[in-house]
Amino acid sequence: MARTSALLISLLAGQAYAHTFIWGVFVNGIDQGTFKGVRIPAYNGQNGKGGYNNSPVKDLNSIDMRCNVMGDIQAHDTIKVQPGDNLTFDWHHENRNNKDEVIANSHHGPSLIYISPDPPTENSFVKIWHEGKFESNPFPQAGKWSTTGDIAMNFGHMNVRVPEGLKAGHYIIRAEMVGLHEGDVSYLANPKRGAQFYPDCVQIEVEGDGEVELPEGVSFPGAYSYEDPGVVHNVYCSTETKKPKTSTTPCVTDYVIPGPTVWSGAWAETTAVPVGPVDGVTTATAWSTWIGTDSVVTSATFADVKSQTIVGSSKYTASWSDTYATPTATAARW
Ligand SMILES: *[C@@H]1O[C@H](CO)[C@@H](O)[C@H](O)[C@H]1NC(C)=O
């Protein structure tokens, strides 16, 4: 009995704490400041109750697939970069430091990065990097995956380079980790399970006299489907001789990363550049302390959100503009 409760508590804790998002961006190894340029997903702190949790997004048709919950709300700053700059996204879970677990160690899956003009339009997200499973291990081990075997092992650092010659302008970078630990079945078939998506967006302004325009890309939502082998995949089923325990999904060894192929204009190699010290706070404040004061939220349920009387039953309605608006610098969130 006691053992059962302990297990239950640890499972609940695991669920509540399973979130990961970008806490900062290093440009050529230099931190731009905690949360600078980052569209912070709704996050209610480690013990937050009510309001929205930061992801996971599981409904592939939800607007939250684009830039996570409340991803339409602009960050106050935009990070200025040049083509060829090395960007390091600093993903964390509870604290922005090297002791943070980054993402729960069960959340095996791929990592992906897209770039789109800001604001995104139909088919405007172009893939510039991805990483899936890079080592298979015998059943029942999960093998080595980007999220748990690379990003989490490297202090949350996810690297990408601004494409060579990219035309100046405002862009959104959509970076994402995917937890496939419950991805043996689709969310459509069983909403209690399904792949867990952790998208997060960063606002950049590319400077310089580049002339390269992005090709046609994909839309979020829209890019992924419940039919994709990279969305429904059993990570604990690494050999073809063993049957998966939890589903009838065939046991597949190879992993196909979801979404399109990486654009040929992206850098073929992505190097991890050494990063300097973090500039800014290393703990996050509950989003409910800033959402009411410095954001325009027109959702009918916003009063509920503000007073924290909702517990996941109401829905924030994202409102994406189709014209670029300069972010307004108002009260600091952090
Ligand atoms: C980015 O990293 C590559 C590989 O280490 C390096 O050659 C290049 O000079 C870096 N770019 C900048 C702008 O520092």
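Counting starts at 1 for both ligands and their atoms, in listed order.
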For this session: Take the angle between the ring planes of Y224 and F220 and call it parallel below 30°, perpendicular above 60°, tilted in between.
Result: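 Ring orientation of Y224 relative to F220: perpendicular.
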Which atom pairs, nitrogen or oxygen on both sides, join ligand 1 and the protein at under 3.5 angstrom?
residue  : atom   : partner : partner atom : Å
ligand 1 : 2 (O)  : N86     : OD1          : 3.0
ligand 1 : 2 (O)  : N86     : ND2          : 2.6
ligand 1 : 11 (N) : N86     : ND2          : 2.8
ligand 1 : 14 (O) : N28     : OD1          : 3.4

For this session: Answer yes if the ring centres of Y198 and W91 are under 6.0 angstrom apart, and no otherwise.
Result: no
Exercise. What are the two closest non-hydrogen atoms of P327 and T78, and how far apart are they?
Worked result: CG-OG1, 3.7 Å
Exercise. What pairs with E135 under side-chain hydrogen bond (donor to acceptor under 3.5 Å, both in side chains), at least two apart in sequence or on another chain?
Worked result: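 If we apply the side-chain hydrogen bond (donor to acceptor under 3.5 Å, both in side chains) test to E135, skipping adjacent residues, there are no hits.
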Exercise. If we ignore angles and hydrogens, is there a donor and acceptor under 3.5 Å between the side chains of D85 and N28?
Worked result: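 D85 vs N28: donor-acceptor pair found between side chains.
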Problem set entry | Between N159 and H157: side-chain donor-acceptor atoms closer than 3.5 Å | no
